[in-house]
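Reckoned from all heavy atoms, side chains included, excluding hydrogens, waters and symmetry mates. Just follow the structure's listing: the first ligand is 1, and inside any ligand the first atom is 1.
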Amino acid sequence: MDCRLDGQVAIVTGGSSGLGYACSEQLAAAGAAVVVNYHSHPEPAEDLAASINDKGGRAIAVGGDVSKEADVAELFGETLGAFGAVDILVANSGMQKDAALTEMTLDQWEAVLSVNLTGQFLCAQAAVRQFERQGRRDVSRALGKIICMSSVHQVIPWAGHVNYAASKGGIMMMMQTIAQEVAGKGIRVNSIAPGAIRTAINETETEGEKGEQLLKLIPYGRIGVAEDVGKAAVWLASDQSDYVVGTTIFVDGGMTLYPAFRGNG
Ligand code: NAD
């Protein structure tokens, strides 16, 4: 199966750590020029861009807060300045600010919704506008591709994380609605819903005793690695998935099979 992305340009938000890092690396390895967006610390994004360039790829690091419209406009502007087009958006940035419902502050609620949901909305909107503006390019069957980073928590309720679960449930319906709206223009919008993948967002939950407990929720018997998600992103961005529209690919080792029901219920 040939998942090449030669001649294409990808923006990966939150691309300098965890799943975004793996997506950036693997999209670049598949031939795409990659814009590694970072929020506040330029060094890891610049190092990643340098390592992609050293390997013969093309990459730049661009700062910006995805929850701010002006920053998103600048991210796309810098991408066009460097590479002249945008073909792929991986709307990956996300955060957690966990608290029990009765203790959650409005700030915690709004911070998570504004990055996880509004941030993806702003980036998807900017991407669709750009795909339409630039028109058909001879690099892909689609006019453009958007990959939303969701979570198994778009369908699995998560006590103590109401802001996060609400944001991911929102992404599911946002992705499907945008997909329905723009499919006729030749734009494919899909999501990846990771399960438990070991990254900075969940280090305390994936190690030691907590990691052992977590494994009970994963029928396939291992905690995921970022590359599991990067590979799905490359496939969703490539023409190999050209007929895949408005779908969520669960990369979760079977977590959404609800293994607690094995032998019960
Ligand atoms: P991570 O903390 O390494 O990555 C999150 C990235 O988002 C960071 O690079 C961070 O700088 C960036 N970010 C945060 N606020 C931002 C802002 N305002 N503007 C731009 N960027 C911002 O964690 P991760 O696990 O790699 O998470 C990536 C995505 O995957 C998130 O959307 C997360 O919800 C989702 N996810 C992760 C898992 C998992 O198990 N790791 C599971 C399901 C979903």
Side-chain angles (χ1 to χ4, degrees), residues 11-26 35-49 61-76 89-98 108 110-124 126 147-156 158 161 163-172 174-175 191-207 210-211 214-215 217-218 222-230 232-233 248-253 255-256:
I11 296 176
V12 182
T13 69
S16 60
S17 66
L19 307 189
Y21 190 104
C23 289
S24 299
E25 265 195 322
Q26 290 184 39
V35 175
V36 182
N37 159 254
Y38 62 90
H39 181 220
S40 34
H41 305 295
E43 298 82 15
E46 284 165 0
D47 289 351
L48 173 56
V62 179
D65 180 339
V66 294
S67 69
K68 302 221 158 64
E69 199 169 14
D71 286 22
V72 171
E74 215 169 296
L75 172 62
F76 277 74
L89 165 70
V90 182
N92 163 76
S93 291
M95 58 146 79
Q96 288 181 219
K97 284 189 183 290
D98 308 329
Q108 287 173 314
E110 287 182 342
V112 169
L113 268 291
S114 71
V115 173
N116 294 17
L117 188 56
T118 306
Q120 292 209 11
F121 159 75
L122 289 172
C123 291
I147 300 164
C148 299
M149 199 60 74
S150 186
S151 162
V152 289
H153 296 296
Q154 72 170 37
V155 292
I156 302 179
W158 203 15
H161 309 259
N163 47 3
Y164 186 84
S167 74
K168 297 299 184 180
I171 286 170
M172 176 174 67
M174 181 192 75
M175 179 279 289
S191 287
I192 297 173
I197 317 285
R198 192 169 278 126
T199 69
I201 213 170
N202 59 17
E203 337 183 77
T204 53
E205 284 93 44
T206 53
E207 307 289 345
K210 280 192 166 176
L214 192 56
L215 277 176
L217 301 177
I218 307 171
R222 73 168 169 89
I223 290 171
V225 292
E227 290 67 32
D228 293 321
V229 172
T248 299
I249 306 287
F250 285 84
V251 180
D252 69 349
M255 188 178 260
T256 38

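Contact annotation for Asn92 and ligand 1: heavy atoms of both the backbone and the side chain come within less than 4.0 Å of the ligand. Heavy atoms of Ser150 found under 4.0 angstrom from ligand 1 belong exclusively to the backbone. The part of Asn202 lying near ligand 1 is the side chain, judged by heavy-atom distances below 4.0 Å.
Proximity of Asn37 to ligand 1 is established by a heavy-atom distance of less than 4.0 Å. At least one heavy atom of Gly64 sits less than 4.0 Å from an atom of ligand 1. At a 4.0 Å cut-off, not a single heavy atom of Gly119 sits close enough to ligand 1 to count as contact. Within the 4.0 Å heavy-atom cutoff, Lys168 counts among the residues contacting ligand 1.
Salt-bridge formation is not detected for the pair Lys68/Asp71: no Lys NZ or Arg NE/NH1/NH2 atom is positioned less than 4.0 Å from an Asp or Glu carboxylate oxygen.
Of the candidates Gly195, Pro44, Ser151, it is Gly195 that places a heavy atom closest to atom 42 (C) of ligand 1.
Protein heavy atom in closest approach to atom 18 (N) of ligand 1: Asp65 OD1, 2.8 Å. At the shortest separation from atom 43 (C) of ligand 1 among protein heavy atoms lies Pro194 O, 3.3 Å.
For ligand 1, none of its N or O atoms has an N or O atom of Ser67 under 3.5 Å away. The shortest N/O to N/O separation between Thr199 and ligand 1 falls below 3.5 Å. Residue Ser16 has no nitrogen or oxygen atom sitting less than 3.5 Å from a nitrogen or oxygen atom of ligand 1, judged on distance alone.
Remark: His153 engages Trp158 in a ring pair (Phe, Tyr, Trp, His ring centres under 6.0 Å) (not counting sequence neighbours).
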